[in-house]
Peer 1: 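The structure is given below, and queries will be raised subsequently.
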Amino acid sequence: MNVSRSGYRVFSANSTNACTELAKKITERLGVELGRSVVYQESNKETRVDVKESVRGQDIFIIQTIPRDVNTAIMELLVMAYALKTSCAKNIIGVIPYFPYSKQCKMRKRGSIVCKLLTSMLAKAGLTHIITMDLHQKEIQGFFSFPVDNLRASPFLIQYIQEEIPDYRNAIIVAKSPSAAKRAQSYAERLRLGLAVMHGEANHSESDMADGRNSPPLFRSTTGHTGLELPLLFPHLCLSVMMAKEKPPITVVGDVGGRIAIIIDDIIDDVEDFVAAAEILKERGAYKIYIMATHGLLSADAPRLIEESAIDEVVVTNTVPHEVQKLQCPKIKTVDVSMILAEAIRRIHNGESMAYLFRNIAVDD
């Protein structure tokens, strides 16, 4: 394709070589050259972007993968979008396969819905469209004031199961928690496999305290009167009202004995819950355990914990760079999703329907 006549440019907003790998794969599939720009951090840690070619009147696609330094990546994206906006780009489309802060999409105690704040910042910087993949909650699309294409990685992960897992017909799809049951059911139906659901928890986590699971306190202080107290209209219910909300120990609903257990989720970051789930599945008789997730953040000691655990393989896509983690843990495998991202870019620029990219995609994916 002749880049000068294509009417669009593809830029990478990353300042590290590891993060530009996905951008290079996308541009190779599109048959275009990666836009010439310089993104770097000054000595005082300020982000600077220099666009080295004219973008006037063109569709601009900014590819931004999110490394461990999330906040720097966000600033790179914002500064580049604003630079392109002030350079008279016609449309600025952000290609953000993993949307950061997507877990902070609900109010927690006295916190804030940071995901909503980020969408407002992107719109203010000049973005007019977003291409992302497997948002943590589909309702996040409602935070945006411009169009969002939320692509799915499930066809690629299902293909990996069918081609790379020997005897996958003897597998069972596992939901690590009831909230992941719909996604797991979608995989199980398309693969024509059984479904198991895990529920309960090994112990309380910090997030449990934040969402009020352990409130109100177990007893009321009687040392002094600090304000108005409401009368107990139903004294016999007092004990149940004041008891902390607790989950039972981890339980598996479904038979995993002698089967290959495939745990399905959208994000794998801190892996303690996955490791605990793998141990339970091993105790229940599963002889192989796979973890399938779209976004492999794999923070902190995740590679070491995976290597030392009962997990046989962790399969993630390249929406997030994780080459360092793969060197630390050979169990981590990568599925390339650059094909669908490149096709989305091509269709948006040409004004074609995106329905083709959602063929055989279930609502609960």
Peer 1: If only side-chain N and O atoms count, and only distance matters, is there a donor-acceptor pair under 3.5 Å linking T294 with D266?
Peer 2: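 Note: D266 and T294 side chains miss the donor-acceptor criterion.
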
Peer 1: Run the salt-bridge test on R29 and D336 with the 4.0 Å N-O cut-off and return the result as yes or no.
Peer 2: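 Salt bridge flag = yes for D336 with R29.
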
Peer 1: Of the options D269, T319, D265, which is the one that meets H295 in a side chain to side chain donor-acceptor pair (under 3.5 Å)?
Peer 2: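 Result for side chain to side chain donor-acceptor pair (under 3.5 Å) with H295: T319.
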
Peer 1: Measure up the Y8 and H349 rings against each other and bin them: parallel (under 30°), tilted (30 to 60°), perpendicular (over 60°).
Peer 2: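 Ring orientation of Y8 relative to H349: tilted.
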
Peer 1: Counting only heavy atoms not in Y82 (residues, nucleotides, ligands), do more than 12 fall under 6.0 Å from its OH?
Peer 2: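 Count not over threshold, so no.
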
Peer 1: Would M354 and V95 show up in the same hydrophobic cluster when neighbours are defined by side-chain heavy atoms closer than 4.5 Å?
Peer 2: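 Shared cluster, yes.
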
Peer 1: When you look at NZ of K138, are more than 12 heavy atoms from neighbouring residues, nucleotides or ligands closer to it than 6.0 Å?
Peer 2: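 Enclosed: over 12 neighbouring heavy atoms sit under 6.0 Å from NZ of K138.
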
Peer 1: Taking Y290's backbone N and O only, do any of them form a donor-acceptor pair with D312's side chain (distance below 3.5 Å, no angle check)?
Peer 2: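 No: the side chain of D312 does not pair with the backbone of Y290.
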
Peer 1: Do I263 and F274 have side-chain heavy atoms sitting under 4.5 Å apart?
Peer 2: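 A side-chain contact under 4.5 Å exists here.
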
Peer 1: Would you say E76 and S15 are linked by a side-chain donor-acceptor pair, where the criterion is simply a distance under 3.5 Å?
Peer 2: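 There is such a pair (donor and acceptor under 3.5 Å, judged by atom type) between the side chains of S15 and E76.
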
Peer 1: Look at the side-chain heavy atoms of Ile, Leu, Val, Met, Phe, Trp and Tyr, link any pair under 4.5 Å apart, and say whether L122 and I93 land in one connected group.
Peer 2: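 In one cluster with L122: I93, no.
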
Peer 1: Hey, are R346 and E352 close enough for a salt bridge, meaning a charged N less than 4.0 Å from a carboxylate O?
Peer 2: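 Looking at R346 and E352, the cut-off is met.
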
Peer 1: Checking F99 against F143 for the ring-ring contact (aromatic ring centres under 6.0 Å, His included) test, could you report, in this order, the C-alpha distance in whole Å, the side-chain angles of both residues, the deciding distance, and whether it holds?
Peer 2: CA-CA 13 Å; F99 195 79; F143 292 165; 9.3 Å; no

Peer 1: For R259, does its backbone N or O pair with a side-chain atom of N170 as donor and acceptor, under 3.5 Å?
Peer 2: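 Side chain of N170 to backbone of R259: no pair is present.
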
Peer 1: For residues Y160 and E313, is any side-chain donor paired with an opposing acceptor at under 3.5 Å?
Peer 2: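 Note: Y160 and E313 side chains meet the donor-acceptor criterion.
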
Peer 1: Within the 3.5 Å criterion, strictly below it, is a donor on E307 or Q328 matched to an acceptor on the partner's side chain?
Peer 2: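 No, Q328 and E307 have no side-chain donor paired with an acceptor closer than 3.5 Å.
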
Peer 1: Are there over 12 heavy-atom neighbours, none belonging to R48, within less than 6.0 Å of that residue's CZ?
Peer 2: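 At most 12 heavy atoms, drawn from other residues, nucleotides or ligands, come within 6.0 Å of this atom.
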
Peer 1: Can a side-chain donor-acceptor contact be found between T65 and N14 if the only test is distance below 3.5 angstrom?
Peer 2: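 Their side chains do contain a donor-acceptor pair, which is all the 3.5 Å distance test asks for.
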
